There are 2 protein chains.
Amino acid sequence: MRPLLAICLALATVTPALAAEGMWTLDNLPKAGMQSEFGFAPDEAWVQNVMRSSVRLAGGCSGSFISKDGLVLTNHHCIVGCVGDLSTENEDLMRDGFLAADRSQERQCPNFELNQLESISDVSGRVREATQGLSGKEFADAKRATQSAIEAECVGEDSAKRRCDVVDLYQGGVQHLYQYTRFQDVRLAFAPEFASGFFGGDPDNFNFPRYNLDMGLLRAYVDGKPAELENFFPLNPEGAAEGELVMITGHPGSTQRALTVAQLEALRDRTLIDRLLSMAEMRGVLLQFGALGAEQTRQAQNDLFGIENGFKALRGRLTALNDAGVFAAKREAEAELRAFVAADPELAESVGDPWAEIAQATRTFAEFETAYGFVEGGRGFSTDYFGVARTLVRGAAERTKPNAERLREFAEASLPRVEQGLFAEQPIYPAFEKVKLGWSLAKLREELGADHSLVRQVLGKESPQQLADRLVDGTTLQDVAVRRALWEGGADAIAKSEDPMIVLARSIDPPARELRARYEREVQAVLQKNAELIARARFAKEGTGVYPDATFSLRLSYGAVQGWEYNGATVPAMTRIRGLYERATGAEPYKLAPSWDRARAALDLDLPMNFVSTNDIIGGNSGSPVINAKAEVVGLVFDSNIHGLGGAYWYDSRLNRAVSVHSGAMIEALRKVYRADHLADEILAR
Amino acid sequence: MRPLLAICLALATVTPALAAEGMWTLDNLPKAGMQSEFGFAPDEAWVQNVMRSSVRLAGGCSGSFISKDGLVLTNHHCIVGCVGDLSTENEDLMRDGFLAADRSQERQCPNFELNQLESISDVSGRVREATQGLSGKEFADAKRATQSAIEAECVGEDSAKRRCDVVDLYQGGVQHLYQYTRFQDVRLAFAPEFASGFFGGDPDNFNFPRYNLDMGLLRAYVDGKPAELENFFPLNPEGAAEGELVMITGHPGSTQRALTVAQLEALRDRTLIDRLLSMAEMRGVLLQFGALGAEQTRQAQNDLFGIENGFKALRGRLTALNDAGVFAAKREAEAELRAFVAADPELAESVGDPWAEIAQATRTFAEFETAYGFVEGGRGFSTDYFGVARTLVRGAAERTKPNAERLREFAEASLPRVEQGLFAEQPIYPAFEKVKLGWSLAKLREELGADHSLVRQVLGKESPQQLADRLVDGTTLQDVAVRRALWEGGADAIAKSEDPMIVLARSIDPPARELRARYEREVQAVLQKNAELIARARFAKEGTGVYPDATFSLRLSYGAVQGWEYNGATVPAMTRIRGLYERATGAEPYKLAPSWDRARAALDLDLPMNFVSTNDIIGGNSGSPVINAKAEVVGLVFDSNIHGLGGAYWYDSRLNRAVSVHSGAMIEALRKVYRADHLADEILAR
C-alpha cells in the first residue's frame, strides 16, 4: 500500500484525478464537476428532497427514510445499542435478531434520537462579530455564548421536536446553523442476527470481498404514531451497474485533512499510540471477560464490537501517518500554502503565522493531554455509572447558570438529548461495570503515576479494584427514579447525596473543570482562531470550490461502482449471495445464522450481495443510503476497505472504496430469509 | 523529558560529559578514563577475579557469587520462574517466599543454568576468513558453520560442564569466544515474598524512589554438592557513599546504539508499535484471567509480570524514538560518519554504502516480518506445549545433520541447555494454556488475514479457540516421559506421532523454515555483513576506545552513586527503610508482606534501602552486583529509572540511573525480617 499511496498523494496537488474526493455540504455541491464527469447535476428540488430523506442517528451514524410511514434504513451495527438494550439473558435479540410482525410489535429503543435536516443558514457573521479581536478565554467564552444563543433562538419553545446545531466548517472559518426535526420516539422494526449483520466479524471488518446483511430497520414515531413523511427515498432493487454514478448522503463524523503538520505529528507520535495501546489492553480484558460464558459474552459484546472496530480504524490511521511518502506530501502542501501567503503582503499581514501558533498549542496540550483525557475525558472512570453521575453533578451546577455561560452540552437546546440519555431504561451489569471501572482506574494510576495528586485523591488507600467494587456495590444510580430525583433536586440534592458514585463525580469535578478550562483557553481557542486564519489563506489560494473537513453534519459524496487493483490483482466490485455460503466454515465468526442455512435453496444465489464504490466516506457514514441520480436507494454503506482507513487524512480514488449492501440483497433477504414481506412491500411502495 | 534529552544528545558528540556511558567488555576496559575520573584503574588480577565472581543466568539475568560455597545473589524477579515452578495451589512460594533452613532444604530449580565466564579469546580472523567474499545464503551458512565448529571444539567432550559461545561484537565487526563453566544444578536458598521483592508493582516499576527487597539467593551445585569457588565477591554492608565510584558487572541483553537511521525508523514506525499493541492486548487477557480467582492469579503471575515489564520497557523506547530532537542527532551522527568515509577514497572503496544495503534489507524484512514473527517466531502459537513440540520436531531433524549444518540452537554445544529445558518438570496449567493459545491463534489470523494460506492451513474450519481447546485437550506433552521418548525416538518417532501439538508443529515446520531461511539470507546476512562495514568505518573514525552494543555477554559499567534533577526537583540518591512503611497502603501492590509488618519494631528504619547510580545498564543487567573498587558488593541492581528506558538507543548521564538494593538492607532483612542468620553469616564471611 505504501508506495502507491505515496505517489498518489504527491500527484493530488497537480492533477484532477481524484474525482471522487470530497464530502460536500448540500449547500455547496460541486455541480459543475458532477455534470462534466457523470452528466448529472442535481437541481434545488433534488437537493431538498435528498436532504429531508436523509437521517442522522444522533448517537453517531447515518440512515435514510425509505417509506412515507417513517421507516428508517440503517446498519445493523448502528442499532446494536438498541438491540442490546432490548435483550436479556433469556431473550437475546443480538444473537437471534428481531422482526416486528406488525407495527404494534415494534419496540421502542431506550436511548435513540433521529435528526432530519430541514435547513442550513450561514451565521458566520454573527459569530465573527462576537469574537473579533479576542483570544484565549475571552475568545472561547464569546464563541460559546454566541453559539448557545443562536441555537436557543432557533429551537425556541419547541426543543422536543426541533434541534439546532451551530456547525464549525472549514476549521472554524465558517459557521452554519443546521436546523433539524428531532425524533426521540424511535422503534425497532427489524434486526438480523449478529451472525448475518457482522458475518466475518473482526477479521473481515474493513476488508472486501464481503457478504454481510449489515442492515436494520427503525421507525420514527410522532405522538405515538408512525411519522408521516413527505420526503423519502424509494428503493430500487436492481441496484446500480458497474461504473454508474452513485451518491452517498450521510454524516461523516470527523476528518483531519486540513490539520497542520505539527498536529499530524502529535497524532502520529503520541496521541494515536496512546489511544491504541489503551484500546488493545481493554480489548484483551473484554475478550477474556466474554470467555467466562455466553451471558458474559452477550454483556460485553457491544463494548467489544466498539473497541475492535475503533482499534482497527485507528490502527489504519497510524499506519497511514507512518507512511513517510504521504507525510512528505503533507509537508510540501503546507509549505506551498505558507509560500503563497508570504508572497502576498496583505494576506500575510492579515493571516500572520497560524502554523506556529498551532504548533505551540499542540506542545502545550502535550503537557496535560493525559490528565485531560483521564479526568475530564473520563477515560479513568470507564463505567456507565460515572457517566450518569457526572451528568447529574454537572447538570445541577450548569442549569443554575444563564444559558450563554453554560458548558455547551448543557445549553438549553441540548437538554432534551441529555435528559433522554439520563432517563433511558438501559440494562447495566454490575459485574461487568466493576471490570471496566477497576481496569480504567488502574490505567489512571499507571498513566498519571501513583504519586499524582489526582490519583491519590481518587484512590486514597484503596486499590483500583477495591475502589471500583465499592463504588459499583454502593451506587443506586441504576435506578432511573433515583436519577430523576437527583436531576430534579438540582444542586441541593447533589450536594446532599451520599451515593459513592455521585461523591466521586462531585469530588473530581473541580480539577476536571480546571483541565477543561485550560484546554479551552490554551488549546481549543488557539486552534480554532488559527485554523480559521489558515482556512482564510486556503480560500484565497484555492477559492471556495473546496469541501470542509467532516463534522458529523450532512454531506454528499459522489463516485462510481468500481473495484480496484492492488499488487497486480483485481478486486471485483460485486460479491454474490453464493459467496456467503462458500465462505461459511461453521465456526465463529464465519458461522451462518440458522435462518440463512434454512433459506439457502429458496435464494437466488447469483444476486449481488455487497459492492464497492469510489465514494469518499468515513466513520459516521455507516448506514448512509447509496442513491442513484433518480434519488433511489441502490445500496447501504456499512464499511470501507482497508485502504480507506487513511481517509481521515487524505483520499486516494485508486484504492479507497466504500463497501455497501446491495439493495436487491436486502429485499431478497427480507422476503426469503426473514419472511418479512410486509416490510419489503412497504419499502417497495412508491 | 523531551527537551533535556534532545539537548543532551546533541551535545554528546562534542563534549566528554557522558562519563558513565558504556557497557565495556572486560578485555577492553576504559582504564585511562576510570583513572582520571575516579583515581582507580583495575589491574589484571582484579579483572580476573571480578570476571569469575560474576554469573550469568542463562534464562536472561545476571548475578554474582557471594560465598565460597556457591551462593549466588540475584534479583527476586530473576528467580520467579523457579519460584513459580516450585509452587503449587497449596504451597504458594511466590506469595509466601521461601527460606531453606539449611543446605539440605535447598530446592532444585527445574530449568536453571548458571554460566561463569572463564576466558575470552578473539576468533574474528577465523570467521572472517570463512566468510570472505561471500554474501546472502553462502555468507550466512559459512558463518554459522564456523561458529558452530569453534564452539564444538571449545566445549570438547565436556558439554555438561563447559559452555562456549561465539559472540558477535560491534555488529559483527569482531567475534569473541566466551568460555564458561556451566552449572545446571541450581537450587533455591531464599526468596522473599512477591510483595517484598516487587513492592509497588507495575506502577512503581522503572520509577524511583523505591523500597524493594528485589533479591533472591540461589546456590550452584556440582556433583550434588555446593560448588567450591576460588572467586567470589565479599559483601560490604556499609554500601557506597554518595559520589563514590561503583561498578556493575553483568550481562546487558541488547542495545541498539549502533543501528542505522533506517533501522531505527523501522523500529519506531512499525516494529515497536506492533509489539506493544500485541503485548497490551495480551496484558488485558492475563489481567482478566487472573481476575477469575487467586489460583488463576497465581498461574498467570509470571507471564503477567513479564508482559508488564516488557511493555513498560518497550513503551519507553518508543517514546524515546519519537523524540524528534534525539532522532535528529542520530541522523546527524550518521551523516558525519558517512562524510568521514566519503572523504577517504580508500576507506570509501572498502566500505561502500552499507547504509543503503541495510535500508534495503529493512524494507525487505517489512514484507514478511509479520509472518516471520507469527510462524517462525512462534507468536501465533503462545503455549508452552508448542515450544516443546517444536523443539522435538526440529531437534529430531537437526540432530541427523552434521554439526556445521544445523540450526544454531541445535548445534552440539547447545544441546545440554535444550535438553535441560525439554525435560524440566515444570507445572503447566491446561486452562491457562488454552487462553494463551486461543488468543494467539486469533492474532495470527488477524495479522496475516483470514485468507492467508498459512492461516487456512492452521485453522481449517475451526475457530482459533476451538483449535486451541482441541490441541491442549489432546496433547500428552505435559508428560516429561513422553517428551523423552519422542526426543530419543528421533525423526521416526516424530513422523509417527499423532499428538495434535506435534502434528501442528510438524505441519507448520516447512513454511516456518522457509521464512527463517529467507530471513537469514535476505535480512540477517545483509545486516551482519554491512554492520561490520559500518563498524570498520567507525573504528577508523573513532579508534578502538569504543564499546560494542550489548549482546548478553559480560560487561562492566562504571559510575557514581548520585541522584538527579528533573523539572527543577532533586531526586535524592538513597531511600530509607522507613519509606517502605510510609508508602504502604494496605492494598496491592502497596501491601506489606506480613513478615515486614511483624519486623517493623526490630528494624533500623534509617538504614538505606534502595539507591541510584549513574551506571549505564539495560535489561539483562537485573541481578548484577554493584561493586566498589575493592570488589565488594555494595548493592544489587534491579531496575533503571524511567529516563533510562531510552538506553537502548543512547545514554544520558544527567538523567539515566540504575536502581539497586543497598547491601546493608539485604543483611538487615535477612537477619531481622527472615531470621536467616545462617545466610547472612555465610555472606559476610570472608
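In what follows, every heavy atom counts, from backbone to side chain, and hydrogens, waters and symmetry copies are set aside. If you're wondering where the values come from, they're calculated on a predicted model, not measured in any experiment.
Side chains of A:D204 and A:Y211: a donor-acceptor N/O pair is absent below 3.5 angstrom, by distance only. In this structure, a donor-acceptor pair under 3.5 Å is absent between the side chains of A:Y581 and A:D597. Between the side chains of B:Q263 and B:T362, no donor N or O sits under 3.5 Å from an acceptor N or O. Between the side chains of A:Q360 and A:R363, a donor-acceptor pair is found at a separation under 3.5 Å. For the residue pair A:T271/A:E369, the side-chain donor-acceptor check at 3.5 Å is satisfied.
Counting heavy atoms from C-beta on, the side chains of A:L448 and A:T370 come closer than 4.5 Å. Contact of the A:S278 side chain with the A:W439 side chain is registered, since non-hydrogen atoms from C-beta on lie closer than 4.5 Å. Using a 4.5 Å heavy-atom cutoff, the side chains of B:E281 and A:E281 are not in contact.
A cation-pi arrangement is present between A:R268 and A:F327 under the rule of less than 6.0 angstrom and at most 45 degrees off the ring axis.
If you measure heavy-atom distances from B:E447 to chain A, the contacts under 4.5 Å come from the side chain alone. Interface remark: B:K434 contributes no atoms to any contact with chain A (heavy atom separation under 4.5 Å). Heavy atoms closer than 4.5 Å to chain B are found nowhere in A:N205, neither backbone nor side chain. With a 4.5 Å cut-off on non-hydrogen atoms, A:L277 touches chain B through its backbone and its side chain both. Residue contact with chain B, scored on non-hydrogen atoms closer than 4.5 Å, involves the side chain of A:L318 exclusively. Using a 4.5 Å cut-off between heavy atoms, A:A442 makes no contact with chain B at all. The part of A:E446 that comes within reach of chain B is its side chain, from C-beta onward, which places non-hydrogen atoms under 4.5 angstrom from that chain. With a 4.5 angstrom heavy-atom cutoff, B:L321 does not touch chain A via any of its atoms. The part of A:D202 that comes within reach of chain B is its side chain, from C-beta onward, which places non-hydrogen atoms under 4.5 angstrom from that chain. Both the backbone and the side chain of A:L276 come within contact range of chain B, judged by heavy atoms closer than 4.5 Å.
Within residues 449-460 of chain B, the residues having any heavy atom closer than 4.5 Å to a heavy atom of chain A are B:A450, B:D451, B:R456, listed by residue number.
Per-residue counts of heavy-atom pairs under 4.5 Å with chain B were compared for A:S463, A:P203, A:A280; the largest is that of A:A280. Of the listed residues (B:M282, B:Q465, B:Q466, B:R315), the greatest number of heavy-atom pairs within a distance under 4.5 Å of chain A belongs to B:R315. Between chain A and the residues B:R445, B:K591, B:E588, the largest count of heavy-atom pairs under 4.5 Å involves B:R445.
The main-chain N or O of A:N207 is found under 3.5 Å from a side-chain atom of A:R210 such that the two form a donor-acceptor pair. At least one donor-acceptor pair closer than 3.5 Å links the side chain of B:D323 to the backbone N or O of B:G325.
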Please evaluate residues B:F206 and B:V659 with respect to the criterion side chain to side chain contact (heavy atoms under 4.5 Å, CB included), reporting the C-alpha separation (whole Å), side-chain torsions for both, the decisive distance (0.1 Å), and the verdict. CA-CA 8 Å; B:F206 294 113; B:V659 182; over 6 Å; no

